[in-house]
Amino acid sequence: MTIRTHAPHAAAALMLGALLTATPAHAVTIDVTEDVMTSSFFQGANAVRGYAGDNRPVFRVSTGNPFGTIGAETIYLAFDYDFSSFIGPVSALLTVQSTSGGFGADASADTPFTVSAHGVAANPLTAISDDTNPAGSLSWLHFYNQSILPADAAARRVVTGPGAVTFDVSALVGSWISGGNAVQVIALTGLNDTSGNEFLHGFLNNTEAPGSVFLTVSAVPEPETHAMLLAGLGLLSLARRRQRAAGETR
């Protein structure tokens, strides 16, 4: 009589169970707290627009100096969230909704537009001076020129028309978590566009279209966790092959 043991199978199951218990899936969806835009086409003291009551359902992102006007149209997205529950690396995706900007200068399949997501060196909602924030210390143009940080290469997307657009902002959100950058604001710009075209491309204003802008942040397992998980899966596979082989010889 042959006595078979399921010890490898049980050990692998226990290992996987321990891993899943010790490192549960940690993913959150974070809604934008406030989104606004600035533009070289805005005249007078009302330089930051898009707050509730502004009746501005569509924001725009433009090339650097659209149609000879100094300064670009830029969207600022502020997130008020406590990231202290995240330890270590994360995967972070910013989702926005692309739409027509309403001025006939939109991106298309024939005329793609590179839009990039940047960190900022200061909070535009408190730093830029206009009629909604007379205590601000900077003009919108000075902020655009001096306070927008370089975008990570992964945080650039080619826009070809309407629909959901995602930006990989893992490095940017990682800097918020580590404390490398305390300003939880993302700037969407056309600074990295090299098409040579002029764009005034639209994105939905989350204030007018709730749920159109959000972050999805997930914890990334450490390398040793990956190794243990692979080892557990390997043991399970080996145990199952042995079970099949034993069944065939009976």
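Under the salt bridge (Lys or Arg N to Asp or Glu O under 4.0 Å) criterion, no residue pair touches residues 186-214, with sequence neighbours excluded.
Grouping Ile, Leu, Val, Met, Phe, Trp and Tyr by side-chain contacts under 4.5 Å, direct or through others, leaves Leu93 on its own.
Residues satisfying the ring pair (Phe, Tyr, Trp, His ring centres under 6.0 Å) criterion with Phe41, sequence neighbours excluded, are absent altogether. With sequence neighbours excluded, the residues that form a ring pair (Phe, Tyr, Trp, His ring centres under 6.0 Å) with Trp176 are Phe83. For Ser108, the side-chain hydrogen bond (donor to acceptor under 3.5 Å, both in side chains) partners two or more places apart in sequence, or in a different chain, are Thr111. In this structure Phe167 satisfies the ring pair (Phe, Tyr, Trp, His ring centres under 6.0 Å) test with no other residue, sequence neighbours excluded.
In this structure, a donor-acceptor pair under 3.5 Å is absent between the side chains of Ser62 and His201. Residues Asn197 and Thr63 bring no donor and acceptor atom of their side chains to less than 3.5 Å of each other. Side chains of Arg157 and Thr114: no donor on one and acceptor on the other come within 3.5 Å.
The distance between the ring centers of Phe199 and Phe113 falls below 6.0 angstrom.
The main-chain N or O of Ala154 is never found under 3.5 Å from a side-chain atom of Asp168 such that the two would form a donor-acceptor pair.
Exactly one residue among Val115, Leu188, Val96, Leu94 makes a side-chain contact (heavy atoms from CB on, under 4.5 Å) with Val165. That residue is Val96.
Figure legend: Arg49 and Phe42 shown as a cation-pi pair, the cationic atom lying under 6.0 angstrom from the six-membered ring centre and within 45 degrees of its axis.
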